[in-house]
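The structure appears below as structure tokens.
So that the names make sense, note that chain A is the first sequence line, chain B the second, and so on, each numbered from 1. This structure is a prediction, so every number in the text was calculated from the model and none was measured.
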Protein chains: 2
Amino acid sequence: MRISELSERTGVPVPTIKYYLREGLLPEGDKRTPRLTEYDDRHVRRLGLLRVLRDVGDVPVEGLKRLVAAAETRGTVHDLFAVAADALAPTPPAPGPGRAETRAMADAIIAHAGWDRVREDSVDRDNLAATLEMVGSFDTHPRDPAEIAPYVAMADRLARHEIANLDDHKDRVGLLEEMIVGQVVFASVLTTLRRLAEEHHSHERFAEDQRD
Amino acid sequence: MRISELSERTGVPVPTIKYYLREGLLPEGDKRTPRLTEYDDRHVRRLGLLRVLRDVGDVPVEGLKRLVAAAETRGTVHDLFAVAADALAPTPPAPGPGRAETRAMADAIIAHAGWDRVREDSVDRDNLAATLEMVGSFDTHPRDPAEIAPYVAMADRLARHEIANLDDHKDRVGLLEEMIVGQVVFASVLTTLRRLAEEHHSHERFAEDQRD
DNA sequence: ACTCCTTGGATAGTTATACTGTCTTCGACG
DNA sequence: CGTCGAAGACAGTATAACTATCCAAGGAGT
């Protein structure tokens, strides 16, 4: 199919497709002649994936590039997932004062959760530390590990559930896609559900509460 | 204190403070004379709150404005929380074809969860529908309610936990702040923890898996 | 009283991200 | 055999969130 058909089938404008091609997010089509390139279902699929990640997951184009590069990772599927996790994680902000402590706290949280398969140099160790650091400077929440425990437990269940539910018939890139889409989509869904649940549950405690 | 001191104490540059003042995110200081305005701890605190929401929660300035407006809501604390939830929620994207169905599905999910205190016109009903719609167009995930059930359960626990943990000694705005910071910070923490947990748990299943 | 510094206030400029539009050439298809 | 659309290069736009400049004037230190 030509680029215009690819555009119609995916709803992505032609200029945007060209942009993604330039950025290397979309593989080149089959160049039959210098003036005619043939795109196929893999392009339709990839474009769909890119749009879900951008629209639902707010993954920046930079992150998509990292993800595309990560898909090339050799080794086990576990290795692949680890590299993809780093690609999907935001780049940690520069450390401020107190990062050493929060990094230690982050490591402690991970160790306490029993997540001993997490690489020492996982980007998310720093991301966790950075969040703790930023929140720490805002007095209200002293953030001790105990307060975070329920979230660790949730994350653990979530991850187990998602890993267990992956379709075993797929190839490595298929698994990667399913993992990524699940992570990104359900993050969004969970955030929304949580706000909804909070609205509901606040009724119990605060429906009559008129305090100043 | 003067604006320069406010800046030093919070780490927020003076021009940014001016910007927030213009946008109405920060209340005006006490204007002693036309050339001297006095800021106090409330400003320090508010600025800290704004920075946490922006840096950790990626809340857009537009959302911060809605939140500031929401804080004026009269009525019960429950009403206040509901309005704030809408302020914090992203504005739902324009409905595409199929939105009617996904909206019905969203309503069904909420009803099935037993969240009968959620307003009919909560913005998040549409957000949930919009997400389902976008994902629906990406073939892989047919998204039936059963698949979402675990997430509903998680959201429910999370919300109960957070509502229950709010400090009862605070005034309405204090409660609101605690709720918002908790929501935003723990959303970020949970996302990071989930990626970490997934890296750990993928080991069990995929450490040996070399598939193509 | 005299500088010199800083503030408040207005307005304009900057950076980053993610597209979107225009232009040109030229081959493909009817 | 003429015109329509594709490819490719490159420039332009939109938005968000700041950031910088300018100016007049009040205040602080001497």
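- A/Arg22 comes within 4.0 angstrom of a nucleotide base, judged by non-hydrogen atoms across all strands.
- The phosphate of D/dT19 has OP1 or OP2 within less than 4.0 Å of a side-chain N or O from B/Thr16.
- Counting only N and O atoms by type, the side chains of B/Asp156 and A/His200 include no donor and acceptor under 3.5 Å apart.
- A side-chain N or O of B/Arg51 and one of B/Tyr20 form a donor-acceptor pair less than 3.5 Å apart.
- Nucleotide D/dG5 holds its C1' atom 10 Å from the NZ atom of A/Lys18, rounded to whole Å.
- Between A/Leu64 atom CG and C/dC19 atom P the separation is 9 Å, expressed in whole Å.
- The OH atom of A/Tyr20 sits 18 Å away from the P atom of D/dA7 (whole-angstrom rounding).
- Around atom CZ of B/Arg103, more than 12 heavy atoms belonging to other residues, nucleotides or ligands sit under 6.0 Å away.
- Between A/Arg51 and C/dC19 there is a side-chain polar atom (N or O) within less than 4.0 angstrom of OP1 or OP2.
- If you measure from atom CG of A/Leu26 to atom P of D/dG8, you get 13 Å, rounded to the nearest angstrom.
- B/Ser4 has a side-chain polar atom (N or O) that falls below the 4.0 Å cut-off from OP1 or OP2 of C/dT7.
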* Asked: Once each nucleotide of nucleotides 24-30 of chain C is scored for protein heavy atoms under 4.0 Å, what B/S/- sequence comes out, 5' to 3'?
  -> -BBSS--
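- For the pair B/Arg32 CZ and D/dA28 C1', the interatomic distance rounds to 17 Å; values are reported in whole Å.
- No side-chain N or O of B/Gln183 forms a donor-acceptor pair with one of B/Glu162 less than 3.5 Å apart.
- If you find the closest nucleotide of DNA chain D to A/Ile3 and to B/Glu62, the one lying nearer the 5' end belongs to A/Ile3.
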